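Here the structure comes first, spelled out in structure tokens, and everything after it is commentary.
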Number of protein chains: 2
Amino acid sequence: MASQTISRRSSALCDVHVVHEDAVHGALRDQPDTESLTYLADTFQVLANPTRLQIVQALAGRELCVCDLAAVVDSSQSAVSHHLRQLRQMRIVRYRKEGRMAYYRLDDEHIAALVRIGLDHVCE
Amino acid sequence: MASQTISRRSSALCDVHVVHEDAVHGALRDQPDTESLTYLADTFQVLANPTRLQIVQALAGRELCVCDLAAVVDSSQSAVSHHLRQLRQMRIVRYRKEGRMAYYRLDDEHIAALVRIGLDHVCE
DNA sequence: CTCATATATGAATACCTGTTCATATGTGGA
DNA sequence: TCCACATATGAACAGGTATTCATATATGAG
């Protein structure tokens with residue numbers, strides 16, 4: 001996870017010519033804090049991979065263990081495990097252990113919503 | 001734009017041991033087509049950058065020209081222009097020309113929704 | 001026409017990512 | 001205890017990405 005953070009140079013409104021000052025200040029007022037934006041960028045980064053999207057979509061309707069997921073997305077166990085780690089780190093999925101199996105599910109409803117709206121956009 | 005496409009090896013349910021066959025087939029049935037997933041991954045990829053998220057957030061409430069955007073996100077005109085191209089290519093923003101200015105806005109409401117839900121997830 | 005301004009873009013470089021391979025951890029069964 | 005299985009992870013290589021610099025295009029003013 002290494003989204004480049006936003007470098008707020010002190011030269012802010014200087015090295016470029018501002019045309020619409022009001023709009024610029026309005027936009028600056030509406031900006032979320034840097035930390036949230038960076039974290040959100042990392043979240044989108046983890047979603048920005050077809051295999052991980054397949055995993056998320058598979059988990060949208062049910063709980064699955066790692067080797068079932070590997071079968072669904074047709075990748076190696078290792079690759080899926082690496083993907084799951086990233087998804088875990090961004091709290092996109094969580095899991096419970098049962099014996100030696102790990103059952104994964106989506107972390108919350110935001111995730112399914114993101115993918116649904118994203119697909120709406122894509123298919124419009 | 002170059003998300004790796006999903007390689008559907010013919011060995012699908014073979015090289016890994018399937019534990020819960022029903023769940024696996026249910027998940028396979030729910031998968032969107034490869035093309036949509038790849039396109040969606042590319043869309044998230046473009047959103048997976050703090051500076052581009054700043055741009056999107058700035059455009060959520062108003063129309064802005066390129067040099068105003070450069071001031072808001074505190075980057076060079078060139079960097080912003082490159083970012084805008086990617087955002088355009090994924091239909092995240094669109095623009096109108098007025099003289100030598102280009103005024104950018106979000107392409108549709110899905111985009112603002114994605115960022116809003118994403119921030120909800122991040123801040124939960 | 002000529003110049004200044006607003007924006008776009010190609011190339012190059014430094015950095016980040018995905019997969020594989022090898023191996024580690026941890027659990028249950030014999 | 002010893003082995004098989006389910007999962008996790010570090011290292012490494014191939015390929016992709018962000019920014020900068022230089023420059024191109026295109027519009028309006030004079």
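Computed from a prediction, not measured in an experiment: that's the story for all the values here. Chain letters run A, B, ... following the sequence lines, proteins first and then strands; every chain starts at 1. Reckoned from all heavy atoms, side chains included, excluding hydrogens, waters and symmetry mates.
- What separates CG of B/Leu87 from P of C/dT9 is a distance of 13 Å, to the nearest Å.
- Atoms CZ (B/Phe44) and C1' (D/dT17) sit 19 Å apart, rounded to a whole Å.
- An OP1 or OP2 oxygen of C/dG18 is reached within less than 4.0 angstrom by a side-chain nitrogen or oxygen of A/Asn49.
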Can you list, pair by pair, the side-chain donor-acceptor contacts under 3.5 Å of residues 113-122 of chain A, counting residues two or more places apart and other chains?
unit_1   : atom_1 : unit_2   : atom_2 : d
A/His121 : ND1    : B/Asp108 : OD2    : 3.1
A/His121 : NE2    : B/Met90  : O      : 3.4
A/His121 : NE2    : B/Arg91  : O      : 3.3

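- Computed from coordinates, the A/Leu53 CG to C/dG18 P distance equals 11 Å when rounded to whole Å.
- Each of A/Ala102 and A/Arg85 has a nearest nucleotide on DNA chain D; the 5'-most of these lies closest to A/Ala102.
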Protein-nucleotides 21-27 of chain D N/O pairs closer than 3.5 Å?
unit_1 : atom_1 : unit_2  : atom_2 : d
D/dC21 : N4     : B/Ser78 : OG     : 2.8

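- For the pair A/Gln54 and A/Val72, the minimum side-chain heavy-atom distance is 4.5 Å or more.
- Residues that satisfy the side chain to side chain donor-acceptor pair (under 3.5 Å) test with B/Arg96, not counting sequence neighbours, are B/Glu63, B/Glu98.
- Side chain of B/Thr51, nearest nucleotide from D/dT19, C/dT20, D/dA6: D/dT19.
- Atom CG in B/Asp42 sits roughly 15 Å away from atom C1' in C/dG18 (whole-Å rounding).
- When each of A/Ser81 and B/His83 is assigned the nucleotide of DNA chain D with its nearest heavy atom, A/Ser81 is the one assigned upstream, toward the 5' end.
- Residues passing the ring-ring contact (aromatic ring centres under 6.0 Å, His included) test with B/Tyr95 are B/Tyr104, sequence neighbours excluded.
- Between C/dT17 and B/Gln45, no contact under 4.0 Å exists linking OP1 or OP2 to a side-chain N or O.
- Rounded to whole Å, the distance from OH on A/Tyr104 to P on D/dA6 is 15 Å.
- The structure places CG of A/Leu47 at 6.5 Å from CD1 of A/Ile111, a figure rounded to the nearest 0.5 Å.
- We find that CG of A/Leu64 is positioned 15 Å from P of D/dA6, with the value rounded to whole Å.
- Residues meeting the side chain to side chain donor-acceptor pair (under 3.5 Å) test with B/Ser78, sequence neighbours left out: none.
- For the pair B/Leu47 CG and D/dA18 P, the computed distance is 12 Å after rounding to whole Å.
- If you check every strand for non-hydrogen atoms under 4.0 Å, A/Tyr103 touches nothing.
- Screening residues 22-35 of chain B for salt bridge (Lys or Arg N to Asp or Glu O under 4.0 Å) gives A/Arg62-B/Asp30 as the qualifying pairs, with residues at least two apart or on separate chains.
- If you measure from atom CG of A/Leu69 to atom P of D/dA6, you get 14 Å, rounded to the nearest angstrom.
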